[in-house]
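What follows is one structure encoded as structure tokens, with my remarks underneath.
All heavy atoms count here, side chains included; hydrogens, waters and symmetry mates do not.
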Amino acid sequence: MKMNRRLLLASVSALLMAGPAFAQTVDVAALMVPNELGEMELGKPSAPVTIVEYASASCPHCASFHTEVLPTLVKDYIDTGKVRFSFREFPHNDQAMGAFMLARCAPKEKYFPLIDVLFKTQPDWVANPLEGLKKIALQAGFTEATFNACLNNEKVAKSIFAVRSKAEGFGVDGIPTFFINGEKLDGEKTIEAFKTKLDPLLPKT
């Protein structure tokens, strides 16, 4: 993909060489400091529980969560005011970086719809990322010129890398990684696993 490849590869190499961190619980206030590009969230800010997800657009396990688990979380927890969900970019290859840049270049209200499309059609666009992402972009209202400009926007690229770099300080060393009120969720990411963690944190009715 034509998208500041030298910047991308150098940044990924530096991050991978940094080594993993091992924090299991992090300071919630530090975790929730907004990033430069702005937080992408679903749900009410006043919700008693906050889930933070770090994911990569080309990660199959991340796609499985977004297509199989997140819809139930939205219905039962997020739309009901129980949970605030914050999605953060953790690109692990060129394809994911290009996809996240596309989502960030779009109007804010189109961010989650684009993320949804990217995960649902992941096998299609990952196989041919430049043409696949361009097709998605044109359907989302981009022109070929604005699509190309987006993939060469160094400010957006550096800001996304800053999100990933900060995540590693919270112990994020794989994708997807979730924090529930600052506690890292390990193991299988099923809806049952989330419910086991979420329900005890919610006010009793």
Side-chain angles (χ1 to χ4, degrees), residues 1-5 8 12 34-44 51-79 83-164 167 172 174-178 189-191 194:
M1 294 179 64
K2 182 182 178 183
M3 41 170 286
N4 300 305
R5 188 175 182 84
L8 175 64
V12 168
N35 61 66
E36 181 181 342
L37 291 173
E39 287 297 305
M40 292 302 176
E41 297 182 320
L42 299 172
K44 296 180 180 179
I51 297 175
V52 175
E53 179 194 11
Y54 288 96
S56 183
S58 57
C59 157
H61 295 293
C62 303
S64 293
F65 167 77
H66 276 261
T67 57
E68 298 172 13
V69 179
L70 185 58
T72 300
L73 284 177
V74 169
K75 176 178 176 290
D76 294 345
Y77 293 91
I78 297 172
D79 284 352
V83 167
R84 173 174 60 157
F85 176 80
S86 182
F87 179 83
R88 294 180 181 172
E89 300 94 348
F90 196 92
H92 73 301
N93 55 26
D94 285 13
Q95 295 96 318
M97 186 62 182
F100 283 142
M101 290 179 73
L102 178 64
R104 282 292 190 173
C105 288
K108 188 173 182 178
E109 66 272 12
K110 290 188 176 182
Y111 181 86
F112 277 110
L114 272 171
I115 293 296
D116 186 54
V117 169
L118 289 165
F119 281 128
K120 286 181 177 177
T121 64
Q122 187 186 85
D124 299 327
W125 64 264
V126 166
N128 188 355
L130 185 58
E131 290 305 313
L133 291 177
K134 182 189 292 186
K135 180 180 178 180
I136 292 171
L138 295 177
Q139 292 173 343
F142 285 74
T143 65
E144 186 166 351
T146 57
F147 170 72
N148 290 332
C150 175
L151 293 190
N152 286 281
N153 189 321
E154 289 195 12
K155 181 180 179 180
V156 172
K158 289 178 178 178
S159 296
I160 291 173
F161 276 123
V163 174
R164 171 173 170 155
V172 178
I175 42 177
T177 291
F178 300 88
K189 312 305 190 297
T190 62
I191 188 60
F194 275 97

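For the salt bridge (charged side-chain N to carboxylate O under 4.0 Å, His left out) condition, no pair includes a residue of residues 57-70, sequence neighbours left out.
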Distance-only criterion, 3.5 Å: show the donor-acceptor pairs between side-chain atoms of residues 123-133 and protein atoms not counting sequence neighbours.
| residue | atom | partner | partner atom | Å |
| --- | --- | --- | --- | --- |
| Trp125 | NE1 | Leu118 | O | 2.8 |

Determine all donor-acceptor pairs shorter than 3.5 Å in which one atom belongs to a side chain in residues 96-111; sequence neighbours excluded.
| residue | atom | partner | partner atom | Å |
| --- | --- | --- | --- | --- |
| Arg104 | NE | Glu89 | OE2 | 2.6 |
| Arg104 | NH1 | Leu37 | O | 3.2 |
| Arg104 | NH1 | Gly38 | O | 3.0 |
| Arg104 | NH2 | Gly38 | O | 3.1 |
| Arg104 | NH2 | Glu89 | OE1 | 3.4 |
| Arg104 | NH2 | Glu89 | OE2 | 3.3 |
| Lys110 | NZ | Ala140 | O | 2.7 |
| Tyr111 | OH | Glu89 | OE2 | 2.8 |

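Remark: Phe142 engages no residue in a ring-ring contact (aromatic ring centres under 6.0 Å, His included) (not counting sequence neighbours). Scanning for side chain to side chain contact (heavy atoms under 4.5 Å, CB included) contacts around Val117 gives Thr121, Ile136, with sequence neighbours left out. Lys135 meets the salt bridge (charged side-chain N to carboxylate O under 4.0 Å, His left out) test with no other residue; sequence neighbours excluded. Applying the salt bridge (charged side-chain N to carboxylate O under 4.0 Å, His left out) criterion to Glu39, with sequence neighbours excluded, gives Arg88. Not a single ring-ring contact (aromatic ring centres under 6.0 Å, His included) links Phe85 to another residue, sequence neighbours left out. Residues passing the side chain to side chain donor-acceptor pair (under 3.5 Å) test with Lys120 are Asp116, sequence neighbours excluded. In this structure Thr67 satisfies the side chain to side chain donor-acceptor pair (under 3.5 Å) test with no other residue, sequence neighbours excluded. Legend: residues meeting salt bridge (charged side-chain N to carboxylate O under 4.0 Å, His left out) with Glu53, ordered by chain and number and at least two apart, are absent.
Under the 3.5 Å distance criterion, the side-chain polar atoms of Asp79 are left unmatched by any main-chain donor or acceptor of Lys75.
You'll find the ring centres of His66 and Phe87 inside the 6.0 Å limit.
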